[in-house]
Structures are given as structure tokens and as C-alpha cells.
Amino acid sequence: MNLISLFITSAIVNNIIFSQFLGACPFLGVSKKIDTAAGMGIAVIFVITLASVITYIVQKAILDTLGLQYLQTIMFILIIAALVQFVEMFLKKSAPGLYQALGIYLPLITTNCAVLGVAIINITKEYSFIEAMVNSVGTSLGFLIAIVLFAGVRDKVDNADLPESLKGSAISLVAAGLMSIAFLGFSGLQL
Amino acid sequence: MNKLDIFKNGVTKENPILVQQVGMCATLAVTTSLLNGIGMGIAVIAVLTGSNIVISLLRKFIPDEVRIPAFVIIIAAFTTIVDLLMHAYTFALYQALGVFIPLIVVNCLILARAEAFAFKNGVVDSIVDGLGMGVGYLVAMILLSSVREFLGNGTLFGINVLPASYEPMMIAIQPPGAFIILGLLIGLVNYLSRRKKA
């Protein structure tokens, strides 16, 4: 598969939220305002890309060579948790502006299943290093697109006159479903 | 709080999916058929109860400052055990659930119970809490996956329950169906609990 079509497929056609359901928790939790949604989306791109590089190298250099594949889950989650902590400390010291913008979202990312999910998918699909990177950037960009679009929709939905029982998360899920139908339209795309 | 209350709390009042709405990713993804939903529910019960037991036993030894990393490692160990067991004994189910089995480790439900319950309570209570929350999760999975399989395929457990003339609503087992049906299910639960209060 060539890299451009892999990128478009991972960002839009197989959108991480609307067709793979990874990262649904922050998607529903942090999408009340467009600017916080964008902040979360950018933090996710940053962490997913970095985490994919490191987990990929660890998998190939350590787990595969030593035959320790069964430690994958434990190893990856530790790497991600340590990485998020490290990125947080690093940004605080060297880029306070960026830290201010991303700060509150970073700790939340450890339990974002998108990060671990993408790292594992890169391995199970047997991507080459370059393909894994393209897939990671594409997938996390898809996350940003989805969460920003959804925050815009949610803004309107919250002001709508609804039956009391459907307010809040119930109608948000239905709205997400309708957006997912729109994204389903991309699945016919031949690349 | 007595044991029955702890159990009932998990199944109904604080149902992890329908009320607390945690751990949604796997819920949305694997409920395309009743069998997958039940398989995922049982896997979560196993990891949740196991990690609750160990965390509750170790609660006097784990320093407060490093409790979250400690929880994560314990949960990851149980996830790996379940992952290997399913790979060995239920291979078809293992393939159907795919990446969502290792992802149990980042299911917020399990970490939340470790932090909110097992770290503060005795072993027996923690087992009951793990089972209660786990059964609550399973019940929600069964509800969602049976509706999706019934509408989307006209089957339950892969057996036809509707006449052949039924035209399956494909959308129900496709991704949008997961969001919409879960949303309506939560709306229904809200409605019922509001009516009970009134």
C-alpha cells in the first residue's frame, strides 16, 4: 500500500473514532468546547506519534529478539505512562507556552486507549517503520478532526430543546452516531 | 455497607456503562454480536475481580505516591493472563475481539474501581465490588449487543429468530448503530430512573 493512501485511509476512511472506536472516552469527555477539543487533539497527535516510535523500536529490538512478545501489554503501557510523564516535565521546563496549552490534557492521555491501540495495531498489522509512522500521524490527525467537528455539533445540540431524559450524554452519542454515518460515506473511497 | 448492597450498587445504581459511562471504547466496538458482547463482559469481570483482589491485599504495602503505576502494572498482568488464556482456549472469540483484549488495561472502569474501592476496602468487599461492577458491565453489554444483533442480523447467538422475509437493518451492526443504540439505551435508563424517583 502506498504511503499517501495509507495516510488518508487511517485519517478519514478508517477514522479512529467513527469506525474503530478507539479513544471514545476523551472524545465524549473533552468535547464540550471547540478550543479544549482542539487542545486535546493536538496533545494526542504529539503523544501518539512519539509513543509509536518508541514502542515500535522496543518491540523489534527487545521483545522480538528475546522472544518476550507476551510482555507486550505491560511493556507498552509502562512506556506510555512514563513517556507522558516525561513529556509533561520536559514541556514544563522548555516550552511553558505549549505546556500551558496542553498541560491539563497530558495526564488524561495515559488512559486514552487510542495511544495503546495504535501502538498495538502498528505491530499486529506488521507495518514497516515508515508505514507505522504514517499510520500513527494519520490516525491521530483523524482523532483531531473528529473531536473538533464533534465539539462544534455538540455546541448546537446543548442548546436544543430536548426531552429531559435525552439531555447530556444520551443525545451526544446519537449525534456521534449521525456523524459516524457521514464518515461511513468515505468507506466507498477507492484508493 | 453490606455485601448485597455493594453488589447491587455495581449492577444497577452505578452501572458502569449505563450510568457512569466509563470504558466506552470496547463497549461500542465489540457489541456487534451477542456472543462477542458476553465474551468481552466475562473478560472484564475476570480482570476487574482479579486486580481488585490483589490491590486490596497490597493496599497496606503500596505507598500512596506510586499507587497509580502500581495499579496499572497489576491490571496489565491480569490483562495479559486473560489475553493468553483466550488465545489458547477460545481462539475464534480472541480473533473477533482483537485489539480490544489488550486494551482492557486502559479501561477506565478497572482503574477507577482500584482507586475508588479496592485501595480503601477489605478483600471480601473488593471481590464483591469487582463482581458487582463486572456483572453490571456484562448486563449492559448483553443489552446493547442483543439489540444490535437482533436488528442488524435478525439473529441471536447466530441463530435466526426472525422470519426470512425480515430485511436486516445493516446500520445497527455498523459503527453508527453502536453510537445511536447506546445513546437511546442511556436515554431509556434516564427516563426509567426519573420516573422511579417521581
Side-chain angles (χ1 to χ4, degrees), chain A residues 14-29 70-78 80-82 85 107-108 110-121 123-125 162-184 187, chain B residues 18-31 68-69 72-84 87 98-112 170-172 174-195:
Chain A
N14 280 333
N15 186 280
I16 182 162
I17 287 170
F18 295 127
S19 79
Q20 300 187 55
F21 303 111
L22 294 171
C25 295
F27 175 70
L28 296 168
Y70 59 90
L71 286 179
Q72 192 191 48
T73 312
I74 297 184
M75 203 68 182
F76 280 18
I77 190 73
L78 280 178
I80 292 167
Q85 196 84 55
L108 289 174
T110 314
T111 51
N112 183 340
C113 52
V115 183
L116 185 62
V118 173
I120 294 176
I121 287 169
I123 307 295
T124 50
K125 290 229 171 130
L162 285 168
E164 209 50 51
S165 310
L166 278 177
K167 276 189 180 158
S169 57
I171 198 68
S172 299
L173 279 165
V174 175
L178 296 177
M179 286 180 72
S180 172
I181 294 178
F183 270 77
L184 207 59
S187 62
Chain B
L18 299 173
V19 181
Q20 298 187 63
Q21 289 148 26
V22 292
M24 304 287 259
C25 310
T27 312
L28 292 165
V30 303
T31 46
I68 303 286
V72 170
I73 294 174
I74 293 166
I75 296 168
F78 276 102
T79 308
T80 307
I81 295 171
V82 168
D83 186 86
L84 294 173
H87 195 166
V99 72
F100 289 96
I101 300 172
L103 285 180
I104 294 175
V105 70
V106 282
N107 190 321
C108 344
L109 165 65
I110 297 169
L111 194 61
M170 280 306 289
I171 195 92
Q174 280 170 330
F179 287 108
I180 295 173
I181 293 170
L182 183 59
L184 296 177
L185 213 54
I186 289 173
L188 182 67
V189 169
N190 287 346
Y191 175 71
L192 292 176
S193 61
R194 284 162 52 83
R195 224 179 47 169

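Chain naming here is simple, since letters A, B, ... match the order of the sequence lines and numbering starts at 1 in each.
For the set Phe183(A), Tyr70(A), Phe21(A), the entry with the most heavy-atom pairs within less than 4.5 Å of chain B is Phe21(A). Taking chain B as the reference chain and counting heavy-atom pairs below 4.5 Å, the highest number among Ala176(A), Ala114(A), Ala82(A) is found for Ala176(A). If you tally non-hydrogen atom pairs under 4.5 Å between each of Ala26(B), Pro175(B), Cys108(B), Pro69(B) and chain A, the highest count goes to Pro175(B). Ranked by heavy-atom pairs under 4.5 Å with chain B, the list Ile77(A), Val115(A), Leu166(A), Thr124(A) is led by Ile77(A). Chain B forms more heavy-atom pairs under 4.5 Å with one residue of Ala170(A), Ser165(A), Gly168(A), Ala182(A) than with any other, namely Ser165(A). Options Gly187(B), Ala178(B), Gly98(B), Ser193(B) differ in how many heavy-atom pairs under 4.5 Å they form with chain A, and the most are formed by Gly187(B).
For Leu84(B), the part lying under 4.5 angstrom from a heavy atom of chain A is the side chain only. Using a 4.5 Å cut-off between heavy atoms, Leu111(B) touches chain A through its side chain atoms alone. For chain B, the nearby parts of Leu116(A) are the backbone and the side chain; heavy atoms of each come within less than 4.5 Å. Proximity to chain B (any heavy atom under 4.5 Å) is shown, for Ile181(A), by both the backbone and the side chain. Contacts of Ile171(B) with chain A are made by side-chain atoms alone, with heavy-atom separations under 4.5 Å and no backbone atom involved. Neither the backbone nor the side chain of Leu71(A) comes within less than 4.5 Å of any heavy atom of chain B.
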* Verdict with reasoning, Val106(B) to Ile80(A), per side chain to side chain contact (heavy atoms under 4.5 Å, CB included) -> CA-CA 11 Å; Val106(B) 282; Ile80(A) 292 167; over 6 Å; no
* To do: Any chance you could lay out the side chain to side chain contact (heavy atoms under 4.5 Å, CB included) test for Val99(B) and Gln20(A), step after step, and finish with the verdict?
  => CA-CA 10 Å; Val99(B) 72; Gln20(A) 300 187 55; over 6 Å; no
* **Leu178(A) and Ile180(B): CA distance, side-chain angles, deciding distance, side chain to side chain contact (heavy atoms under 4.5 Å, CB included) verdict** => CA-CA 8 Å; Leu178(A) 296 177; Ile180(B) 295 173; 4.3 Å; yes
* Pair Leu28(A)-Phe179(B), side chain to side chain contact (heavy atoms under 4.5 Å, CB included): steps then yes or no -> CA-CA 11 Å; Leu28(A) 296 168; Phe179(B) 287 108; 5.6 Å; no
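Between the CG atom in Leu28(B) and the CG atom in Leu173(A) there is a gap of 6.5 Å [rounded to 0.5 Å]. Rounding to the nearest 0.5 angstrom, the gap separating the CG atom in Asn190(B) from the OG atom in Ser169(A) is 6.5 Å. Annotation: the span from Phe100(B) atom CZ to Ile120(A) atom CD1 amounts to 10.5 Å, rounded to 0.5 Å.
Minimum heavy-atom separation, Leu184(A) to Pro176(B): CD2-CG, 4.0 Å. Of all heavy-atom pairs spanning Gly117(A) and Leu103(B), the tightest one is N-CD2, 3.6 Å.
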